[in-house]
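Following: one structure in structure tokens, then a few remarks.
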Amino acid sequence: MTATTLPSPGPIDRSCRSPLFALFGGAAGWLALSSAFGLAAAMTFHNPALLAGCSVLTFGRAYPAWAHLFIYGFGVPTALGAGLWLLARLGRIKAMNPALITVGAKLWHVGVLVGLLGIVTGDSSGFEWLELPRYAAVILFLAFMLMTVWLFMTFSWRAEPRLYPSQWFVLAAVFWFIWIFSTAVFLLQMHPVRGVVQAAVAWWFAGNLLNVWLPLAGLAVTFYVLPKLSGKPLHSYYLALFIFVTVALFGSWTGMPVQAPLPAWMGIFSSTAAALMVVPALALGILVVKTSGGGDQPPCFGGVLCFAKFGAFMLILATLLAAVAACPVMARVTEFTWFTEGQVLLRLYGFFAMTLFAAVYHILPRISGREISPRRVRAHFWLAMPGSLLLALPLLAGGVRQGLRLADAAVPFQETARAAVLWVRISTLGETLIALGALVYLANVGWLILSHYRALLKREMTDALAWQPVEVKS
Amino acid sequence: MKTETSQPTGTGEIEPTVTMTAIPVWLMALLFVLLFFGAWYFDLYGGWFDARVYAPYRSVPDLARYQPNSDPDANFVAFGKKLYSENCAVCHMETGVGNPANGCPPLIDSEWVHHEAPDRMIMLISRGLTGPITVNGKVYNTGTMLAVGDSLPGDEKEKSAKIAAIASYVRRHFGELPGVVKPDHAEAVRAGIKDHSGYFTAEDLMKAP
């Protein structure tokens with residue numbers, strides 16, 4: 001637990017300190033809590049009677065609470081913090097108005113808490129990935145705007161005029177979130193549209209969140225961390241631009257299940273777009289391999305680079321799986337089974353969370369001035385990496401099996417449901433690893449933040465002690 | 001290969017750079033192949049953005065094909081409607097209100113249209129009518145109906161079929177009578193009036209069933 005001191009943070013890193021402490025610190029707490037709710041939700045598959053006495057921990061509340069805390073508690077603030085730091089560093093300018101960003105960050109966490117309380121008391125909206133009640137959505141939106149105004153100011157006042165790909169991704173992610181979140185909240189919660197349009201809007205939001213927003217926000221980090229830590233330039237400007245454009249274009253068409261009770265063109269259009277997403281996925285593969293591959297690279301033992309690389313590969317895998325599942329032949333089997341859940345979890349935990357961990361482990365030591373022991377990072381990696389695979393892969397395999405059984409009229413539904421439990425059991429094992437990893441992450445982030453304050457306190461104390469004799473003397 | 005360099009930030013760390021390597025051609029080729037098949041797939045199954053088309057149907061004509069058709073005579077009556085618009089609506093109007101100012105009686109609320117047997121109507125359409133005729137309690141005396149049926153193009157069989165179609169439409173639409181007038185029946189009635197020359201009068205028609 002020896003803290004090696006980094007070179008004292010520069011003015012840019014110092015300017016990001018208070019907002020990033022607020023964003024990353026709160027997010028780490030929400031992630032741990034989200035994993036707890038995830039486990040509680042998973043328990044209902046193994047022993048439905050275990051938590052049945054407590055309404056807060058029943059599936060209908062624990063699962064939305066998990067999703068809410070993962071996306072809005074952990075994902076958005078962490079991505080926003082990383083984005084702020086990237087914009088400041090790459091623009092070679094101090095973060096604008098960090099005090100107001102910090103206020104926004106705290107307001108955001110209040111909004112997440114209000115949303116969580118709403119969900120666990122039964123006030124959930126019932127739309128997937130937008131479970132938070134209306135009043136919490138308003139708080140989150142205001143907090144987001146408060147933070148992003150200064151994020152945008154930091155960008156537009158930058159000293160370095162040339163743009164690096166990460167900057168496009170951060171800005172696009174920010175605007176994308178404002179667009180999809182406000183539209184979905186307005187059309188689903190403020191002035192709900194009627195009938196089948198409601199399902200279409202909800203699916204549109206989910207598709208944009210998972211297939212555009214997550215890649216945009218995550219790849220901003222990937223494209224920064226990979227070249228920096230492997231000591232090579234990012235392989236291709238044009239490939240990055242190509243990924244940016246294709247993800248934004250095709251990703252925003254995805255989301256409608258092909259067998260959904262919607263007009264045929266919606267599902268068909270979405271599945272076509274999901275197939276087209278193969279192209280950016282392959283482009284990302286080239287970019288990652290050419291940037292961070294090669295014989296002179298040290299093997300991956302669980303450092304920051306491993307988080308980022310694993311994350312990128314899991315995004316590729318999840319995108320390819322989504323493309324395969326979009327083919328009508330496959331969709332007839334996998335749609336509305338565990339397969340979809342597995343693909344989404346791979347995207348969330350395999351790609352998004354891992355990439356954000358890379359960002360935090362890279363950024364936080366630089367702004368707190370404290371190096372974190374590689375052993376702590378490695379411990380987290382070896383819990384989170386196998387955890388995410390163990391969580392998602394059984395659901396993918398089990399989903400195919402489940403789909404085939406559901407299509408077989410000779411197999412009773414009860415038997416299909418019972419057979420799926422085995423896969424869910426393995427997956428819960430992965431979820432447990434992830435939950436342990438989230439605790440390690442919380443400890444790591446907490447230690448980095450606290451060690452900064454401890455050092456600060458120690459300096460104050462020594463200053464105070466050094467002052468005292470002078471006072472006595474006078 | 002050009003390498004962009006960037007200045008170190010205040011911390012002494014060098015920020016990442018990016019090279020201008022081109023995109024591989026095969027990736028572009030793959031994109032266009034997928035776009036081609038995507039567009040083809042959409043064309044085949046997408047229903048071209050029509051909100052009425054749901055899976056498993058593919059297009060609006062596809063939907064129409066699967067609609068239940070309870071009326072086997074719908075096409076015949078539709079044909080009659082077309083002929084009515086072309087030949088009769090000038091005087092009797094599309095709505096069947098007629099043109100009383102010019103001596104043309106209405107078809108709605110007309111005892112001639114409501115009459116059970118179609119023979120009189122077939123005769124009337126074939127040869128036309130002159131002289132006074134009472135419709136719905138009102139006498140129309142100033143106009144003459146031309147031999148519209150006889151002047152329709154085609155041989156005797158086709159004329160009969162067309163007259164039957166017009167009669168079917170008029171009886172169904174304005175008289176609310178079920179069924180249709182069979183072309184064979186029209187042909188038989190027309191054979192019976194072969195020797196009659198010139199317009200009919202209302203008294204002539206009354207003699208028919």
Side-chain angles (χ1 to χ4, degrees), chain A residues 6-13 88-90 92 94 159-160 162 164-166 196 223-242 246 250 258-269 271-273 275-276 278-280 282-283 286 290-291 323 328 366, chain B residues 1-70:
Chain A
L6 279 177
S8 184
I12 293 177
D13 289 346
R89 265 296 184 94
L90 291 167
R92 288 198 288 119
K94 290 199 279 182
E160 167 67 62
R162 254 178 321 187
Y164 183 74
S166 290
V196 84
F223 290 166
Y224 182 86
V225 170
L226 280 189
K228 190 166 179 185
L229 295 187
S230 45
K232 284 204 259 178
L234 189 65
H235 171 62
S236 165
Y237 177 89
Y238 298 112
L239 265 181
L241 184 62
F242 182 74
T246 45
F250 301 142
V258 75
Q259 296 192 47
L262 295 173
W265 69 268
M266 292 181 156
I268 297 291
F269 214 63
S271 56
T272 308
L276 284 166
V278 165
V279 182
L282 293 179
I286 300 173
K290 292 268 171 108
T291 302
R366 279 167 177 73
Chain B
M1 193 190 285
K2 196 181 94 193
T3 306
E4 278 190 15
T5 54
S6 80
Q7 305 297 314
T9 47
T11 55
E13 272 191 337
I14 299 192
E15 294 302 336
T17 56
V18 58
T19 61
M20 299 306 228
T21 317
I23 301 174
V25 175
W26 64 263
L27 199 64
M28 283 305 198
L30 177 68
L31 174 64
F32 285 109
V33 167
L34 283 176
L35 270 176
F36 175 80
F37 280 106
W40 177 65
Y41 172 62
F42 182 80
D43 183 49
L44 217 55
Y45 296 99
W48 280 101
F49 305 106
D50 197 296
R52 288 169 297 174
V53 182
Y54 280 59
Y57 305 105
R58 300 175 175 192
S59 60
V60 178
D62 194 28
L63 279 180
R65 212 168 19 251
Y66 290 103
Q67 292 302 315
N69 191 355
S70 56

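In what follows, chains carry the letters A, B, and so on, assigned in the order in which the sequence lines appear, proteins first and then strands, with residues in each chain numbered from 1. Remember, it's a predicted structure, so these values are computed and weren't measured experimentally.
- When heavy atoms are compared at a cutoff of 4.5 Å, B/P24 approaches chain A solely by way of its side chain, counted from C-beta outward.
- Contact of B/W40 with chain A is not made at all, since no heavy-atom distance falls under 4.5 Å.
- Annotation: maximal heavy-atom pairing with chain B below 4.5 Å, among A/V258, A/L226, A/V279, A/T272, occurs at A/V279.
- Across B/D50, B/I23, B/L44, the residue that shares the most heavy-atom pairs under 4.5 angstrom with chain A is B/I23.
- Looking only at side-chain heavy atoms (C-beta outward), B/Y45 and A/W265 stay at 4.5 Å or farther from each other.
- Annotation: side chain of A/P233 is in contact with side chain of B/T19 (closest heavy-atom distance under 4.5 Å).
- Contact annotation for A/A275: only backbone heavy atoms (N, CA, C, O) come within less than 4.5 Å of a heavy atom of chain B.
- When A/R366, A/R92, A/R89 are each tested for a salt bridge (charged side-chain N to carboxylate O under 4.0 Å, His left out) with A/D13, only one passes: A/R89.
- If you measure heavy-atom distances from A/Y164 to chain B, the contacts under 4.5 Å come from the side chain alone.
- Among A/A273, A/A260, A/P261, A/A159, the residue making the largest number of heavy-atom pairs under 4.5 Å with chain B is A/P261.
- The closest side-chain heavy-atom distance from B/L34 to B/L30 is below 4.5 Å.
- With A/T291 contributing its side chain and A/H235 its backbone, the two residues share a donor-acceptor pair below 3.5 Å.
- A side-chain donor-acceptor contact under 3.5 Å links A/S236 to the backbone of B/T21.
- The contact between A/L262 and chain B is made entirely by backbone atoms, counting heavy-atom distances below 4.5 Å.
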